[in-house]
Amino acid sequence: MRLALAEARLAARGGDVPVGAVVLAPDGTTVLAAGHNEREAGGDPTAHAEVLAVRRAAARFGEWRLTGCTLVVTLEPCTMCAGALVQSRVDRVVYGARDDKAGAAGSLWDVVRDRRLNHRPEVVEGVLAQECAGLLTDFFRDR
Ligand SMILES: [Zn+2]
């Protein structure tokens, strides 16, 4: 999560909402890829941290199925990212701050653990939550 937080800070530097993500290999320690929100930087509405990290991880993993991998992200995934995480077949999703307005991993929806889907990653929430939320609060206060 410390690495994801560092990624989030990079996003803010580029004028993007500070959200960062990393994908860990099945060994749980090797970082396969990282990403941060680049919507403003790239003019791409789908350039969320999780989507970018998962794409890069798959490229490095040499396989679209990220079986055994863990995605760590500073903010609860939105519906788009939750869908991408189910599609990528990651085993575990770890997030920091909850997103009561748009979260799709337990807050507003629970797409990643929807029993109607055939792949449901394990979810761990609240890791360094205050630090993750603090970055967002600072970012929006400064605007
Ligand atoms: Zn998202």
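Atoms within a ligand are numbered from 1 in the order they appear, just like the ligands themselves. Just the heavy atoms: all of them, side chains too, but no hydrogens, waters or symmetry mates, feed the values below.
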(message) Please give the remaining members of the hydrophobic cluster of Val51, linking ILVMFWY side chains under 4.5 Å, ordered by chain and number.
(response) Met80

(request) With sequence neighbours excluded, tell me which residues meet side chain to side chain contact (heavy atoms under 4.5 Å, CB included) with Asn118. (result) none

(message) For Leu108 versus Asp100, what's the shortest heavy-atom pair and its separation?
(response) CD1-O, 4.0 Å

(request) Mind checking the CZ-OG1 spacing from Arg55 to Thr46? Nearest 0.5 Å is all I need. (result) 5.0 Å

(request) At a cut-off of 2.8 Å, list the protein N/O/S atoms near the Zn ion (ligand 1), residue plus atom name. (result) His48 ND1, Cys78 SG, Cys81 SG

(request) Report the distance from atom OG of Ser88 to atom CZ of Phe61, rounding to the nearest 0.5 Å. (result) 10.5 Å

(request) List, by chain and then residue number, the residues other than Met1 in its hydrophobic cluster (Ile/Leu/Val/Met/Phe/Trp/Tyr, side-chain heavy atoms under 4.5 Å); write none if there are no others. (result) Leu3, Leu5, Val22, Leu24, Val31, Val72, Val94, Val124, Val127, Leu128, Leu135

